[in-house]
Amino acid sequence: MSPYILAVICILLSACSFYETNAQLSANFYSSTCPNVSSIVQNVIQQALQSDARIGASLIRLHFHDCFVNGCDASLLLDNNATTNIVSEKDAAPNTNSTRGFDVVDNIKTALESSCPGVVSCADILALAAESSVSLAGGPSWNVLLGRRDSRTANQAGANTSIPSSTEGLTNITAKFTAVGLNITDVVALSGAHTFGRAQCRVFSARLYNFNGTGNPDPSLNTTYLANLRQICPQNGSATASANLDPTTSDAFDNNYFVNLQNNQGLLQSDQELFSSATTQSIVNTFSSNQNTFFQSFVQSMINMGNISPLTGTNGEIHSDCKRIN
């Protein structure tokens with residue numbers, strides 16, 4: 001179908017903004033320039049999983065934290081650089097001593113530069129790595145839309161204000177999703193990525209001992225689960241000790257996260273709050289009872305998130321090293 005006909009259809013359906021956002025990205029973007037891009041990315045992640053079971057969750061989180069700040073442009077990956085005036089997003093509060101997996105991204109980039117030099121962007125690497133991480137953990141696979149280019153700037157201030165926090169209320173989190181064009185179903189579906197991975201005690205220990213300054217634990221916490229978490233995170237214990245986000249199937253991508261919420265076993269405040277609002281509770285119940293429905297919604301929400309303000313065409317560049325601009 002010609003771009004002209006697509007444009008006419010989009011006008012008739014009042015869907016032009018959607019058309020413009022998505023027309024620039026394509027699942028076949030590298031079909032002639034780097035046809036093995038997906039398998040190269042997957043092979044590096046498979047290797048990393050041998051020594052680090054949580055790397056998949058860490059990689060999908062990089063894509064999330066990148067897309068919420070100036071769009072999916074790999075700006076998160078840039079290191080501080082006084083010469084090029086880069087103030088790194090890695091040092092923003094949501095990322096410092098928290099985001100990880102940058103070494104695996106570098107290994108993917110090295111492998112791709114060896115096979116297809118100067119072709120695949122770091123922003124697309126993050127999108128592809130997220131998909132591989134999910135599918136390798138038993139979750140759905142999908143055709144990743146590609147063609148993003150890499151930013152020549154970073155936005156640390158934006159990272160401090162735009163990335164949803166686990167201690168924010170659902171209203172604030174939803175507002176941050178809305179600000180980048182995502183909706184309440186995206187909030188719940190993308191939260192389902194907490195079906196694997198870990199969180200440090202410092203992120204949720206207030207729920208165990210002093211919720212909202214009450215001197216008591218969060219009353220919504222399952223009491224058996226609370227006792228287990230207190231063993232992992234004793235009061236005045238290590239702030240960087242970690243607990244599984246999903247206590248049942250910690251390294252598998254499935255719908256048990258939503259079952260946990262029904263049982264008051266959400267690790268983070270932002271997780272359990274999804275079961276406190278009528279709107280989100282109904283979505284949680286749907287995903288809990290039907291894994292295929294969750295998988296389908298998750299894939300669509302990942303595509304939606306991957307479409308946030310990509311740099312395409314002649315905007316941005318293809319970084320030869322994801323840590324610095326060319």
Side-chain angles (χ1 to χ4, degrees), residues 54 57 60-61 64 94 98 137-139 164-177 183-295 297-298 301:
R54 61 190 282 213
I60 196 171
R61 188 161 178 253
F64 187 107
S98 175
S165 159
S166 62
T167 56
E168 285 184 292
L170 183 57
T171 303
N172 281 8
I173 289 172
T174 304
K176 289 184 176 182
F177 274 71
N183 64 27
I184 197 70
T185 303
D186 297 316
V187 172
V188 182
L190 292 173
S191 295
H194 287 173
T195 180
F196 63 173
R198 319 276 186 271
Q200 294 177 15
C201 292
R202 64 185 175 91
V203 177
F204 59 86
S205 60
R207 294 188 72 209
L208 312 184
Y209 301 102
N210 187 22
F211 183 61
N212 289 345
T214 59
N216 295 307
D218 183 340
S220 72
L221 266 171
N222 175 297
T223 51
T224 307
Y225 186 46
L226 170 64
N228 292 341
L229 291 175
R230 281 179 161 179
Q231 286 189 314
I232 297 167
C233 307
Q235 210 159 8
N236 305 317
S238 168
T240 56
S242 63
N244 293 323
L245 284 160
D246 176 354
T248 49
T249 51
S250 57
D251 296 321
F253 197 98
D254 53 32
N255 69 333
N256 278 347
Y257 166 83
F258 299 103
V259 179
N260 297 336
L261 299 187
Q262 292 174 318
N263 295 326
N264 291 320
Q265 291 182 317
L267 182 63
L268 307 179
Q269 180 184 335
S270 57
D271 292 327
Q272 196 57 52
E273 280 211 13
L274 296 177
F275 204 62
S276 68
S277 151
T279 310
T280 51
Q281 189 180 76
S282 65
I283 303 172
V284 168
N285 289 336
T286 299
F287 291 166
S288 169
S289 63
N290 192 322
Q291 182 165 276
N292 285 337
T293 302
F294 164 52
F295 280 4
S297 292
F298 181 80
S301 291

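Everything numeric here is computed off the predicted structure, so don't read it as measured data. We number each residue from 1, following the sequence as shown.
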key: Validation row: Phe64, Pro164 side chains within 4.5 angstrom (heavy atoms)   = yes

ask   = So how far is it from Thr185 OG1 to Phe177 CZ, rounded to the nearest 0.5 Å?
value = 11.5 Å

inquiry  = I need the single residue from Thr195, Asp271, Asp246 that forms a side chain to side chain donor-acceptor pair (under 3.5 Å) with Tyr257. Which is it?
reply    = Asp271

task = Mind running side chain to side chain donor-acceptor pair (under 3.5 Å) on Ser242 and Arg54 for me, showing each step along the way?
result = CA-CA 11 Å; Ser242 63; Arg54 61 190 282 213; 4.8 Å; no

inquiry  = Within this structure, what is the OG-CD1 distance for the pair Ser297 and Ile283, rounded to the nearest 0.5 Å?
reply    = 8.5 Å

inquiry  = Show the nearest heavy-atom pair for residues Ser238 and Cys201, with the distance to one decimal.
reply    = O-CB, 3.7 Å

Side chains of Pro217 and Leu208 in contact at under 4.5 Å (non-hydrogen atoms) = no

note = So CD1 of Ile232 and CG of Asn244: to nearest 0.5 Å the spacing works out to 7.0 Å

Least distance between heavy atoms, Ser270 atom then Leu274 atom = O-CG, 3.6 Å

ask   = Are any side-chain N or O atoms of Asn263 and backbone N or O atoms of Gln265, one a donor and one an acceptor, separated by less than 3.5 Å?
value = no

note = When Ser98, Ser166, Cys233 are each screened for side-chain contact (heavy atoms from CB on, under 4.5 Å) with Val203, the one that passes is Ser166

message = Checking Asp254 against Gln291: is there a side-chain donor and acceptor pair closer than 3.5 Å?
response = no

key: Check against side-chain contact (heavy atoms from CB on, under 4.5 Å), Thr248 and Asn260   = CA-CA 8 Å; Thr248 49; Asn260 297 336; 3.7 Å; yes

request  = Return yes if a side-chain donor-acceptor contact under 3.5 Å exists between Thr249 and Asn256, otherwise no.
outcome  = yes

task = Say whether Ser250 and Arg198, considering side chains only, have a donor N or O and an acceptor N or O under 3.5 Å apart.
result = no

query = Quick check: does any side chain N or O of Ser289 sit under 3.5 Å from a backbone N or O of Thr286, one acting as donor and the other as acceptor?
reply = yes

task = Write down the atom of Ala199, the atom of Leu268, and the distance for their closest heavy-atom approach.
result = CB-CD2, 4.0 Å

task = Could you go through the side-chain contact (heavy atoms from CB on, under 4.5 Å) check for Ile60 and Phe196 one step at a time?
result = CA-CA 10 Å; Ile60 196 171; Phe196 63 173; 4.2 Å; yes

Nearest non-hydrogen partners of Val187 and Ser191, listed with the distance = O-OG, 2.7 Å

message = Ignoring hydrogens and geometry beyond distance, is a side-chain donor-acceptor pair present between Asn216 and Thr214 at under 3.5 Å?
response = no

query = In chain order, what residues pass the ring pair (Phe, Tyr, Trp, His ring centres under 6.0 Å) check against Phe294, with sequence neighbours excluded?
reply = Phe253, Phe258, Phe287, Phe298

request  = Over all heavy atoms of both residues, which pair between Pro94 and Arg61 is shortest? Give the atoms and the distance, please.
outcome  = O-NH2, 3.5 Å

ask   = Can you tell me how far the CG atom of Asn285 sits from the CG atom of Asn290, to the nearest 0.5 Å?
value = 12.5 Å

Rounded distance (nearest 0.5 Å) linking atom CZ of Arg207 with atom CG of Asp218 = 4.5 Å

ask   = Are side-chain heavy atoms of Arg230 and Leu226 found at a separation under 4.5 Å?
value = yes

ask   = Quick one: do the Gln262 and Ser288 side chains pair a donor with an acceptor below 3.5 Å?
value = yes

ask   = So, do Asn228 and Pro247 sit near enough that their side-chain heavy atoms are less than 4.5 Å apart?
value = no

remark   = When rounded to the nearest 0.5 Å, the distance separating CZ of Phe204 from OG1 of Thr167 is 13.5 Å

task = Answer yes or no: is there a donor N or O on one side and an acceptor on the other, between the side chain of Gln272 and the main chain of Leu221, under 3.5 Å?
result = no

key: Sidechain-backbone polar pair: Glu168 side chain, Ile173 backbone, donor-acceptor under 3.5 Å   = no

key: Of all pairs that satisfy ring-ring contact (aromatic ring centres under 6.0 Å, His included), the ones with a partner from residues 210-232, not counting sequence neighbours   = none

